[in-house]
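Start at 1 and go down the list; that is how both ligands and their atoms are numbered.
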Amino acid sequence: MEKLIITAALVGAEVTRQQTPFLPLSPREIADEAKKTCAAGASIVHLHMRDQFGNPSQDRALFAEAISYIQAETDLIIQVSTGGAVGMTAEERVQPITLAPEMASLSTGSVNFGNEVFSNPLPMVREFARACQVHHVKPEVEVFEGGMIQNAINLVKQGLLQEPLHFNLVLGVPGGLPATAKNLLFLLDLIPSASTWTVSGIGRHQLSMNTLGILLGGHIRTGFEDNIYYLKGVLAEGNASLVSRLANLAETLERPVASPFEARKILGILPR
Ligand code: KMH
Ligand code: ZN
(Lines give C-alpha, C1' and ligand atoms only; values in the text may rest on other atoms or scores of the structure.)
(Ligands and ions follow the chains in the order given, each with its own letter.)
Protein backbone atom coordinates (compact mmCIF):
# COMPACT_ATOMS: atom_id res chain seq x y z
CA MET A 1 0.00 0.00 0.00
CA GLU A 2 1.03 3.61 -0.57
CA LYS A 3 2.04 5.72 2.37
CA LEU A 4 -0.91 7.42 4.09
CA ILE A 5 -1.74 11.06 3.38
CA ILE A 6 -3.41 12.78 6.32
CA THR A 7 -5.33 15.98 5.54
CA ALA A 8 -6.19 18.37 8.36
CA ALA A 9 -9.35 20.40 7.75
CA LEU A 10 -8.57 22.98 10.40
CA VAL A 11 -11.59 25.24 10.71
CA GLY A 12 -14.36 24.76 8.12
CA ALA A 13 -17.24 27.18 7.77
CA GLU A 14 -19.83 25.96 10.22
CA VAL A 15 -18.16 25.30 13.59
CA THR A 16 -18.20 28.18 16.11
CA ARG A 17 -16.12 29.25 19.12
CA GLN A 18 -19.27 28.67 21.16
CA GLN A 19 -19.05 24.99 20.22
CA THR A 20 -15.31 24.72 20.87
CA PRO A 21 -12.90 27.28 22.32
CA PHE A 22 -10.06 25.52 20.46
CA LEU A 23 -11.20 26.65 17.00
CA PRO A 24 -8.56 28.76 15.19
CA LEU A 25 -10.07 31.83 13.51
CA SER A 26 -7.53 34.47 12.42
CA PRO A 27 -4.98 33.76 9.67
CA ARG A 28 -2.24 33.70 12.34
CA GLU A 29 -4.16 31.22 14.51
CA ILE A 30 -4.94 29.04 11.49
CA ALA A 31 -1.25 29.02 10.49
CA ASP A 32 -0.19 28.09 14.03
CA GLU A 33 -2.69 25.24 13.96
CA ALA A 34 -1.34 24.16 10.55
CA LYS A 35 2.21 24.01 11.96
CA LYS A 36 1.10 21.79 14.83
CA THR A 37 -0.78 19.41 12.53
CA CYS A 38 2.27 19.22 10.26
CA ALA A 39 4.42 18.17 13.21
CA ALA A 40 1.76 15.58 14.12
CA GLY A 41 1.77 13.95 10.66
CA ALA A 42 -0.49 15.93 8.34
CA SER A 43 0.78 16.62 4.83
CA ILE A 44 -2.19 18.62 3.48
CA VAL A 45 -4.18 21.41 5.14
CA HIS A 46 -7.68 22.13 3.84
CA LEU A 47 -8.31 25.82 4.46
CA HIS A 48 -11.35 27.97 5.09
CA MET A 49 -11.08 31.50 6.44
CA ARG A 50 -13.07 33.51 8.95
CA ASP A 51 -13.53 37.28 9.12
CA GLN A 52 -12.91 39.44 12.19
CA PHE A 53 -16.27 38.37 13.62
CA GLY A 54 -15.57 34.66 13.12
CA ASN A 55 -17.94 34.39 10.17
CA PRO A 56 -16.95 32.27 7.14
CA SER A 57 -15.21 34.30 4.44
CA GLN A 58 -13.62 33.52 1.08
CA ASP A 59 -11.76 36.83 1.10
CA ARG A 60 -8.62 36.54 -1.03
CA ALA A 61 -6.52 38.69 1.32
CA LEU A 62 -7.32 36.51 4.35
CA PHE A 63 -6.29 33.39 2.43
CA ALA A 64 -3.14 35.14 1.17
CA GLU A 65 -2.11 36.05 4.71
CA ALA A 66 -2.62 32.55 6.14
CA ILE A 67 -0.93 30.92 3.13
CA SER A 68 2.11 33.19 3.40
CA TYR A 69 2.64 32.14 7.05
CA ILE A 70 2.07 28.44 6.34
CA GLN A 71 4.42 28.43 3.34
CA ALA A 72 7.12 30.26 5.28
CA GLU A 73 6.89 27.93 8.28
CA THR A 74 6.03 24.48 6.87
CA ASP A 75 6.19 22.44 3.67
CA LEU A 76 2.51 21.48 3.88
CA ILE A 77 0.42 21.16 0.72
CA ILE A 78 -2.16 23.92 0.84
CA GLN A 79 -5.66 23.08 -0.33
CA VAL A 80 -8.08 26.01 -0.36
CA SER A 81 -11.82 25.52 -0.15
CA THR A 82 -14.01 26.56 -3.04
CA GLY A 83 -17.04 25.34 -1.10
CA GLY A 84 -16.94 28.22 1.34
CA ALA A 85 -20.24 28.32 3.22
CA VAL A 86 -23.81 27.59 2.17
CA GLY A 87 -25.32 30.66 0.48
CA MET A 88 -22.09 32.23 -0.84
CA THR A 89 -21.97 33.33 -4.48
CA ALA A 90 -19.71 31.72 -7.08
CA GLU A 91 -17.68 34.96 -7.28
CA GLU A 92 -17.02 34.83 -3.55
CA ARG A 93 -16.18 31.15 -3.54
CA VAL A 94 -13.70 31.14 -6.42
CA GLN A 95 -11.44 33.87 -4.99
CA PRO A 96 -8.73 31.72 -3.31
CA ILE A 97 -8.05 29.77 -6.53
CA THR A 98 -6.60 32.97 -7.99
CA LEU A 99 -3.77 32.67 -5.44
CA ALA A 100 -2.66 29.53 -7.33
CA PRO A 101 -2.39 27.19 -4.32
CA GLU A 102 -1.29 23.63 -4.99
CA MET A 103 -4.80 22.22 -4.44
CA ALA A 104 -8.44 23.29 -4.14
CA SER A 105 -11.60 21.43 -3.18
CA LEU A 106 -14.19 21.09 -5.94
CA SER A 107 -17.68 19.79 -5.15
CA THR A 108 -19.23 18.29 -8.29
CA GLY A 109 -22.89 18.45 -7.37
CA SER A 110 -25.46 19.77 -4.93
CA VAL A 111 -26.54 18.14 -1.70
CA ASN A 112 -28.86 18.82 1.21
CA PHE A 113 -26.71 20.12 4.05
CA GLY A 114 -28.62 19.95 7.33
CA ASN A 115 -31.62 22.20 6.81
CA GLU A 116 -29.92 24.00 3.92
CA VAL A 117 -28.70 23.14 0.43
CA PHE A 118 -25.03 23.17 -0.57
CA SER A 119 -25.65 24.34 -4.10
CA ASN A 120 -23.24 23.43 -6.90
CA PRO A 121 -24.98 23.76 -10.29
CA LEU A 122 -22.92 22.21 -13.09
CA PRO A 123 -22.19 25.50 -14.94
CA MET A 124 -20.61 26.79 -11.73
CA VAL A 125 -18.65 23.56 -11.22
CA ARG A 126 -17.33 23.88 -14.79
CA GLU A 127 -16.29 27.49 -14.10
CA PHE A 128 -14.39 26.43 -10.96
CA ALA A 129 -12.74 23.53 -12.83
CA ARG A 130 -11.64 25.98 -15.55
CA ALA A 131 -10.20 28.31 -12.90
CA CYS A 132 -8.20 25.37 -11.49
CA GLN A 133 -6.78 24.72 -14.96
CA VAL A 134 -5.87 28.38 -15.51
CA HIS A 135 -4.03 28.60 -12.18
CA HIS A 136 -2.52 25.05 -12.33
CA VAL A 137 -4.33 23.95 -9.17
CA LYS A 138 -4.98 20.23 -8.53
CA PRO A 139 -8.65 19.75 -7.64
CA GLU A 140 -9.79 17.44 -4.88
CA VAL A 141 -13.23 16.29 -6.01
CA GLU A 142 -15.56 16.49 -3.00
CA VAL A 143 -18.22 13.78 -3.10
CA PHE A 144 -21.27 13.80 -0.83
CA GLU A 145 -23.46 11.58 -3.05
CA GLY A 146 -22.76 8.91 -5.70
CA GLY A 147 -23.91 11.03 -8.63
CA MET A 148 -21.13 13.52 -8.00
CA ILE A 149 -18.60 10.91 -9.15
CA GLN A 150 -20.30 10.58 -12.55
CA ASN A 151 -20.34 14.39 -12.81
CA ALA A 152 -16.55 14.39 -12.28
CA ILE A 153 -16.11 11.69 -14.94
CA ASN A 154 -18.18 13.84 -17.32
CA LEU A 155 -15.88 16.80 -16.58
CA VAL A 156 -12.91 14.62 -17.62
CA LYS A 157 -14.71 13.87 -20.92
CA GLN A 158 -15.28 17.62 -21.39
CA GLY A 159 -11.56 18.29 -20.87
CA LEU A 160 -12.14 20.21 -17.64
CA LEU A 161 -10.57 17.69 -15.25
CA GLN A 162 -7.53 15.49 -15.83
CA GLU A 163 -7.05 11.88 -14.75
CA PRO A 164 -5.96 10.48 -12.42
CA LEU A 165 -8.62 12.18 -10.32
CA HIS A 166 -8.29 12.67 -6.59
CA PHE A 167 -11.50 12.31 -4.57
CA ASN A 168 -12.55 13.17 -1.03
CA LEU A 169 -15.44 10.87 -0.12
CA VAL A 170 -17.41 12.72 2.56
CA LEU A 171 -19.80 10.50 4.49
CA GLY A 172 -22.22 11.44 7.23
CA VAL A 173 -23.30 14.98 6.28
CA PRO A 174 -26.92 15.25 7.47
CA GLY A 175 -28.80 15.14 4.15
CA GLY A 176 -25.94 13.40 2.30
CA LEU A 177 -24.79 9.79 2.08
CA PRO A 178 -24.71 8.19 5.57
CA ALA A 179 -21.36 7.08 7.00
CA THR A 180 -21.40 3.30 6.68
CA ALA A 181 -18.75 0.88 5.47
CA LYS A 182 -21.16 -0.29 2.77
CA ASN A 183 -21.58 3.25 1.43
CA LEU A 184 -17.82 3.81 1.35
CA LEU A 185 -17.38 0.58 -0.64
CA PHE A 186 -20.23 1.67 -2.95
CA LEU A 187 -18.44 4.96 -3.71
CA LEU A 188 -15.10 3.19 -4.21
CA ASP A 189 -16.75 0.99 -6.84
CA LEU A 190 -17.77 4.11 -8.79
CA ILE A 191 -14.45 5.97 -8.96
CA PRO A 192 -12.12 5.38 -11.94
CA SER A 193 -9.50 2.75 -11.07
CA ALA A 194 -6.46 5.04 -11.39
CA SER A 195 -7.90 7.55 -8.89
CA THR A 196 -6.51 8.39 -5.48
CA TRP A 197 -9.01 8.94 -2.67
CA THR A 198 -9.35 10.18 0.85
CA VAL A 199 -12.28 9.70 3.24
CA SER A 200 -13.92 12.13 5.67
CA GLY A 201 -16.48 11.09 8.27
CA ILE A 202 -18.65 13.74 9.85
CA GLY A 203 -19.10 14.03 13.62
CA ARG A 204 -18.95 10.74 15.50
CA HIS A 205 -18.23 8.90 12.26
CA GLN A 206 -14.85 10.53 11.75
CA LEU A 207 -12.67 7.92 13.48
CA SER A 208 -14.47 4.88 12.04
CA MET A 209 -14.36 6.22 8.47
CA ASN A 210 -10.70 7.22 8.86
CA THR A 211 -9.87 3.73 10.17
CA LEU A 212 -11.53 2.17 7.13
CA GLY A 213 -9.54 4.55 4.91
CA ILE A 214 -6.28 3.36 6.45
CA LEU A 215 -7.20 -0.31 6.10
CA LEU A 216 -8.54 -0.04 2.54
CA GLY A 217 -5.44 1.72 1.21
CA GLY A 218 -6.96 5.18 0.82
CA HIS A 219 -6.04 8.42 2.51
CA ILE A 220 -7.82 10.23 5.34
CA ARG A 221 -9.07 13.65 6.41
CA THR A 222 -9.60 14.74 9.99
CA GLY A 223 -10.00 18.10 11.75
CA PHE A 224 -12.50 20.46 13.28
CA GLU A 225 -14.30 21.08 9.99
CA ASP A 226 -15.70 17.55 10.26
CA ASN A 227 -15.65 16.85 14.02
CA ILE A 228 -14.67 18.70 17.21
CA TYR A 229 -14.68 15.76 19.66
CA TYR A 230 -11.80 13.51 20.64
CA LEU A 231 -14.13 11.12 22.46
CA LYS A 232 -17.87 11.24 23.03
CA GLY A 233 -18.47 14.43 25.03
CA VAL A 234 -14.75 15.31 25.21
CA LEU A 235 -13.58 18.14 22.95
CA ALA A 236 -10.32 17.70 21.03
CA GLU A 237 -7.94 20.36 22.34
CA GLY A 238 -6.64 21.10 18.86
CA ASN A 239 -6.58 19.65 15.37
CA ALA A 240 -3.13 18.18 16.07
CA SER A 241 -4.49 15.75 18.66
CA LEU A 242 -6.86 14.31 16.05
CA VAL A 243 -4.00 14.03 13.53
CA SER A 244 -1.56 12.39 15.93
CA ARG A 245 -4.12 9.80 17.04
CA LEU A 246 -4.50 8.76 13.38
CA ALA A 247 -0.75 8.80 12.74
CA ASN A 248 -0.29 6.46 15.74
CA LEU A 249 -3.12 4.21 14.57
CA ALA A 250 -1.64 4.03 11.08
CA GLU A 251 1.78 3.10 12.45
CA THR A 252 0.13 0.38 14.58
CA LEU A 253 -1.57 -0.95 11.45
CA GLU A 254 1.78 -0.82 9.61
CA ARG A 255 0.71 1.92 7.21
CA PRO A 256 3.48 4.53 7.30
CA VAL A 257 2.47 8.18 7.10
CA ALA A 258 3.50 10.27 4.07
CA SER A 259 5.53 13.45 4.42
CA PRO A 260 4.36 16.45 2.37
CA PHE A 261 7.10 15.61 -0.15
CA GLU A 262 5.83 12.02 -0.44
CA ALA A 263 2.21 13.20 -0.62
CA ARG A 264 3.09 15.44 -3.61
CA LYS A 265 4.55 12.39 -5.37
CA ILE A 266 1.47 10.26 -4.65
CA LEU A 267 -0.85 12.99 -5.94
CA GLY A 268 1.29 13.96 -8.91
CA ILE A 269 1.78 17.52 -7.70
CA LEU A 270 4.95 19.09 -9.04
CA PRO A 271 6.86 21.14 -6.45
CA ARG A 272 6.51 24.83 -7.26
N1 KMH B 1 -18.89 24.35 4.07
C2 KMH B 1 -19.57 23.43 3.25
C3 KMH B 1 -20.91 23.97 2.85
C4 KMH B 1 -15.47 22.52 0.59
O5 KMH B 1 -14.71 23.04 1.40
O6 KMH B 1 -15.18 22.43 -0.60
C7 KMH B 1 -18.81 23.05 2.03
C8 KMH B 1 -17.42 22.66 2.16
C9 KMH B 1 -16.82 21.98 1.01
O10 KMH B 1 -16.77 22.90 3.16
ZN1 ZN C 1 -14.22 22.57 3.44
Colleague: What protein heavy atom lies closest to atom 10 (O) of ligand 1? Include the residue and the distance to one decimal.
Modeller: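 For this ligand atom, the closest protein heavy atom is Glu225 OE2, 3.0 Å.
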Colleague: Less than 3.5 Å apart, any donor N or O on the side chain of Gln206 or Thr222 sitting next to an acceptor on the other?
Modeller: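 The answer is yes; a qualifying pair exists.
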Colleague: When you measure from atom 5 (O) of ligand 1 to each heavy atom in Ser81, Pro56, Ser107, which option holds the nearest one?
Modeller: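 It is Ser81 that holds the nearest heavy atom.
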Colleague: Salt bridge or not between Arg28 and Asp32? Use side-chain N to carboxylate O under 4.0 Å.
Modeller: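 So Arg28 pairs with Asp32 through a salt bridge.
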Colleague: Kindly confirm or rule out a cation-pi arrangement of Arg93 over Phe128, judged by NZ or CZ under 6.0 Å from the six-membered ring centre and within 45° of its axis?
Modeller: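 No, Arg93 does not sit over the ring of Phe128.
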Colleague: Using a strict cut-off of 4.0 Å, indicate which atoms of ligand 1 neighbour a heavy atom of His48.
Modeller: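 Those of ligand 1 that fall under 4.0 Å from His48 are 5 (O), 10 (O).
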Colleague: Quick one: do Ile78 and Phe261 end up in the same hydrophobic cluster if we chain Ile, Leu, Val, Met, Phe, Trp and Tyr together by side-chain heavy atoms under 4.5 Å apart?
Modeller: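 As far as the 4.5 Å side-chain criterion goes, Phe261 and Ile78 are not connected within one cluster.
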Colleague: Atom CG in Leu160, atom OG1 in Thr108: separation rounded to 0.5 Å?
Modeller: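 Rounded to the nearest 0.5 Å, the CG-OG1 separation comes out at 12.5 Å.
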Colleague: Within the 4.5 Å heavy-atom criterion, are Leu10 and Leu47 side-chain neighbours or not?
Modeller: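 Side chain of Leu10 against side chain of Leu47, heavy atoms only: contact under 4.5 Å found.
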Colleague: Can you find an N/O atom of Ala85 closer than 3.5 Å to an N/O atom of ligand 1?
Modeller: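 Checking ligand 1 against Ala85, no N or O pair falls under 3.5 Å apart.
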Colleague: Side chains of Ser200 and Asn168: any donor to acceptor distance under 3.5 Å?
Modeller: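 Distance-only check passes for Asn168 and Ser200.
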Colleague: Going by the angle between their ring planes, with limits at 30° and 60°, are His219 and His166 parallel, tilted or perpendicular?
Modeller: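 Plane angle between 30° and 60°, so tilted.
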Colleague: Return the NZ to CG distance between Lys182 and Leu177, rounded to the nearest 0.5 Å.
Modeller: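 Between atom NZ of Lys182 and atom CG of Leu177 there are 12.0 Å.
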Colleague: Give me the nearest non-hydrogen protein atom to atom 7 (C) of ligand 1 as residue plus atom name, then the distance to 0.1 Å.
Modeller: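 Answer, as residue, atom name and distance: Phe118 CZ, 3.5 Å.
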Colleague: Near the Zn ion (ligand 2), which protein N/O/S atoms fall under 2.8 Å?
Modeller: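 The answer, once waters are left aside, is His46 NE2, His48 NE2, Glu225 OE2.
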Colleague: Atom CD1 of Ile214 and atom CD of Glu251: how far apart are they, to the nearest 0.5 Å?
Modeller: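 Going from the CD1 atom of Ile214 to the CD atom of Glu251 covers 10.0 Å.
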Colleague: Show which atoms of ligand 1 fall inside a sub-4.0 Å distance from at least one heavy-atom site of His46.
Modeller: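 Reading through ligand 1 atom by atom, the close ones are 5 (O).
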Colleague: Starting from atom 3 (C) of ligand 1, which protein heavy atom do you reach first, and at what distance in Å?
Modeller: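 Among all protein heavy atoms, the one nearest atom 3 (C) of ligand 1 is Glu14 OE2, 3.5 Å.
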Colleague: Can you report which non-hydrogen protein atom sits closest to atom 6 (O) of ligand 1, along with the distance?
Modeller: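 Result: Ser105 OG, 2.6 Å.
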